[in-house]
Amino acid sequence: MSKQPILQIENLRVSFRIHDEYYAAVDGVSLTVNENEVVAIVGESGCGKSALALSIMGLHPLERTKLEGTIAFKGKNLLPLSVPQLNQIRGKDIGMIFQDPLTALNPLMSVGRQIEESMDYHTKLSSSAKRQRTLELLKRVGIPNPEKTYDRYPHELSGGMRQRIVIAIAIACEPSLIIADEPTTALDVTIQAQIMGLLKELQQQMKTGIILITHDLGVVAEMADRVAVMYAGEIVELADVNTLFSRPLHPYTRSLLHSIPSVQTRKEKLHVIQGIVPSLQKLPRTGCRFKSRISWIDESEHEKNPILREVAPGHWVRCTCYKNFYFPQDNIGDMNYGIS
Amino acid sequence: MLKFILRRIVIMIPQLFLLSILVFLLAKAMPGDALTGRLANNPKMDAQTLAEMKEKLGLNDPPYVQYVRWIKNLMQGDLGISYIHQQPVTDLLSERIGNTLLLSACILILSYIIAIPLGIVSGRWTNSLADKLIVGYSYLSFATPLFIFALLMLFVFGFILGWFPTGGSVNIQVEKGTVDYYISKINHLILPSLSGALLSTVGTIQYLRNEIIDTKIKDFVKTARAKGVPESRIYSRHILRNSFLPIAAFLGYEITGLIGGSIFLESIFSYPGIGQLFLQSIMQRDYSVITALVMISGLATLLGTLLSDIILSAVDPRIRIE
Amino acid sequence: MKAELGGPQQVEVQTEKSPSSFSIMWRELVRDKLALGSLILLSIILLIVYGSSLILDKEEIVKVDLLSIYAPPSSEHWLGTDYGGRDIFGQLIIGARNSFTIGLAITLITGFIGLTVGLIAGYFGGVVDNIIMRIIDFILVLPFLMLVIVFVAIVPKYNVFTFILIMSAFLWTGKARLIRAKTLAERELDYVSASKTLGTPDWKIIVREILPNLSSIIIVNLTLNLAGNIGIESGLSYLGFGLPESTPSLGTLVSYAMNPDVLQNKWWVWLPASLLILVMMLCINFIGQALKRAADARQRLG
Amino acid sequence: MAFLKVNHLKVYYPVRGGFFRRVIDYVRAVDDVSFELEQGETYGLVGESGCGKTTTGRTIIGLIKATAGEILLEGKDLTKLSRREFYHYRKDIQMIFQDPYSSLNPRKRVLDIIAEPLRNFEKLSPQEEKRKVQYFVEKVGLHPESIYKYPHEFSGGQRQRIGIARALTLNPKLIIADEPVSALDVSVQAQVLNFMKEIQKEFQLTYLFISHDLGIIRHMCDRIGIMYRGQFVEEGTSEEIFHDPQHIYTKRLISAIPNPNPQHRQEQVKLRQEIDKEYHNSYHQYFDAEGRVYPLKRISETHSVAIP
């Protein structure tokens, strides 16, 4: 694979101020996204995946966020850039898709204008050329009757149509990277399938890199080329999608896979991950962060300062506890999940 | 759009009807009737003439007949006759209403001129020093009663410092139509409208501030940022437009406030407008004037709310469709 | 499952106990220096006003003394006298007491009506709500101040109680609207549906389930209204359409300033009353705003 | 006799329009729905948002008034009962709500939350009441001392279990679970689902399980009804629905579920395309001129499909 990396995140730390103190929601994350590659970041709420996504474009409120490390886009570090400098990149080189298509669109602006808007700042097209291009975009994201839809307002469209508009906004200037933050979570399953299909199709046509943030392992399995599993602000496992689903190693990944009921196979009991995701302020900052939720695994199995290690080419796992991890007897789900 | 406005007007009709009934009942409940005033001016009138006059004026008709007649007259712009001033109420009002409209318009415009920038600054730079000062000012102005503030303004700037005239709407010695006349008019307006405006900003400031704070964390603002829209444009194109909605919605009720305010302001600054006329008429029991004024004020408020809704529907496509 | 059985439960973010709105709001209030100062100042003023109005000889105060008309402040008359030679300080105390008491009475009456109507309209919705809202909408477009003045002018046997009634008849609407909106939102929450499925009768759901969740909003609203009502009462009294002449109000004292001579040259007649109204309203407002911030913060925490 | 029998249930909401806001049409939230539940089984109602599944559940428990139709619980028609008579049947049907945050009154302690139904139906002494509440609190896996805490001191999964404890106190026969886990994280979901299965055995509960998540439905339910625009599209055992779907809508729904095996990606996409093609080609075999489905037709002992 001689793919060009378009985004290289090195040792990123994103901290938020809560009562005068900073707490890292993303803690030492390194990740590379190549062109024409879909990298999924999965985890439960509070694991830091959305904080990571927003930090790439500097969309966190500046006054209470601290960003450390580097986020290099095509070799250029984005972190030290000012907002006007970032604005040269936002929407032009990097597009973003948000979770809820209803709130992500301005209710008082026609959808056509909203798509055109990024062209206002990133292209020198005449207004008729912009309109023309917008109509093409609408067609491209599968909207019937673009001419009519151009002047529509968001509340006049269905959820699926709105999400298509959001996607059209993201790809308006043909960015080389798209960040999709839970792009299908708010949608019904049939619409989700359509949107996934559309994203995949566009990605293949445009050869863009996509960072896909999601909590849904099914979406990951269908969309991603590589997967990073996040827990408590860290990446605990990173692998290509086939490896991750056929040979998951980290206890968290395995627990997650075992706790989801599936349509394909029916199991009597689901695996339960004990305890809860610790809140930002109570996050353990040393040792294996997943330790307390697999209390039956002996303390000695964990590393003191767990690091992400490459255990097979392209397969990275944090901490040594995976080596002797097992499910306690009454918690065993279907151990052959996904391997068959 | 047109259908929406029409519907809105249709909804107004029962309110108008109720208002007119209420005003009519009030007029009936007032001690004495249209004749009492005349009687006061002409004590020598005998019982015979009195009865004739009563019959002539229709005061012996059943109430609903009187009501219908009153409404008919009202629609033709006949508001009755003031018995104190011995002239049609319409004439009496036309002298004054211009002054009040001028004063109210000044207050409204001045208040928006002050409040909108302050609200924007306050909402955009929350928790900054400027924001804290603005919030402090809005608390103060919210807590201060208009009549006391106006009185203090008059005391300080009118009497102690002597910068502004202390009463009237214009210097009567200046010839009408000259430049001096208009300067004098403006000069008389400054103190009352400033008093009114400085206190009526609070609603606008706080609505705008809260609305901006709420809007700027909305997802669609994030979408706009992700498009690379510059910060100033984010505000002008996305946040402010959405934030102005509640202010437009509030406009109708501002008018109620302005009417109430004009009573105080005109009384304190001896400004010859309808507020002052109202107080005088109440004291002199000039009932036809009172009824006319209440009716007109109610109508003004109703029109104000109508205006609010029309503005809202023009700005917000979600309402327009409905 | 087993591991969680009986084990100490992890508690999320906040660990503080008992979200009783009163205690939380009290704590926030005390933490806010401006509000605390306002509370102390207001308490002192009220203590003096209510305390000394018990001692003061009312007859003595309203007695006309032609020998000391418009006397400036002296040791005998701390704040001088008015056109009838009556002691301003005494009138100030009695006026403040009246203004505050009446403001409070109006607040409580309108609060009660507004709460009842708002809860009923919001909870039951439908036709009841529709009718109530049409009435409220109508009252809200009436020129309130003018109508109050007209009523005051035409009501026979006008006294303090009629004044309170007239004011209350107009002022409950805003509160009813607010409470209705909040009830409507609260009604949609599943804990209300849950109560219904558990067989709890409607009145109990309104009083025991919904009302406690509105308490902070009600407290804030009543506080701010108290200040507003004192302002409206004294304003009307200033115009001469507030309290009857036999009941002195702070507004009556201010109204002496309608005479330009008094306004310009005899500040002791009107300025103290103006300042007292201002200080009282500011104090109550600062307390109310602090409570409001506390309530908002509470809401954010859930 | 079926334990619960829903007959031709309709819930219509008027749509007003035109200049005078007259009723011009109805939103048919639930449009002629019939199904039966046997004692002890879990019946799943599935469909996309707005299909009427939640309305159906809320109508059965009496939160929404039925426009027409019957709801027979052990032969007694609940829709015909007066408020007073219905009161006695309250105990038999309970509900688990979707949102663990809004379904518990933030101002009440856990004790008062769980004791609310007891106070309505049973006159217990404070000691008895407390004992009973603590019994149920322990049953759902919380510490008995938790009863003095307030809801905000618990996590989402724990709150949901408090809600379940509350529903259990009256010994209900039927529990309507309206998306009971969709507000929870996956790991917590498993906890609540396992727990619901456990108590079903212990308390011999019948579940009406409403969800949009077919994986969860598959995991929990014995029989399934698929809803679309207020109507039933297909009904059958879990096995029949997932392995032998007959209606094109069901097929579409099932094929839309993401396949958790990345190696089957291509096949899944192909399958969806085929079904989409079939959907467009044979649309009129499944939907009438107004885009509504036909009445259910029985094709086997347990399996019914909406085909003409």
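Quick note: numbers below take in every heavy atom, side chains included, and nothing from hydrogens, waters or symmetry partners. Letters go in sequence order (proteins before strands), and every chain restarts at 1.
Residues of residues 117-136 of chain A lying within less than 4.5 angstrom of chain B, judged on heavy atoms, are A:Glu117, A:Ser118, A:Asp120, A:Tyr121, A:His122 in numerical order. Of residues 49-57 of chain A, those residues with a non-hydrogen atom less than 4.5 Å from any non-hydrogen atom of chain B are, in numerical order, A:Leu54, A:Met57.
Neither the backbone nor the side chain of A:Gln88 comes within less than 4.5 Å of any heavy atom in chain B. Contacts between A:Ile169 and chain B at a heavy-atom distance below 4.5 Å involve the side chain alone, from C-beta outward. Neither the backbone nor the side chain of A:Arg152 comes within less than 4.5 Å of any heavy atom of chain B. Neither the backbone nor the side chain of A:Pro84 comes within contact range of chain B; no heavy atom of the residue lies under 4.5 Å from a heavy atom of that chain. Heavy atoms of B:Leu245 lying under 4.5 Å from chain A belong exclusively to its side chain.
Residues A:Asn87 and B:Arg225 share a closest heavy-atom pair of OD1-O, 4.2 Å.
Ranked by non-hydrogen atom pairs under 4.5 Å with chain B, the options A:Ala170, A:Gly91, A:Ser110, A:Cys173 are led by A:Gly91. Ranked by non-hydrogen atom pairs under 4.5 Å with chain A, the options B:Lys218, B:Arg233, B:Arg237 are led by B:Arg237. Counting heavy-atom pairs closer than 4.5 Å to chain A, the top residue among B:Val221, B:Thr223, B:Thr215, B:Ile217 is B:Thr223.
Environment of CZ in A:Arg17: crowded, with over 12 heavy atoms of neighbouring residues, nucleotides or ligands closer than 6.0 Å. Remark: B:Tyr182 OH is loosely packed, at most 12 non-hydrogen atoms of other residues, nucleotides or ligands lying under 6.0 Å away. The environment of B:Tyr207 atom OH is sparse: at most 12 non-hydrogen atoms of other residues, nucleotides or ligands sit within 6.0 angstrom. Shown here is A:Lys200, whose NZ atom has more than 12 heavy atoms of other residues, nucleotides or ligands within 6.0 Å.
A:Met109 has its side chain within reach of B:His238: a pair of non-hydrogen atoms, C-beta onward, lies under 4.5 Å apart.
A distance of 12.5 Å separates CZ in B:Phe220 from CG in A:Asp100, rounded to the nearest 0.5 Å.
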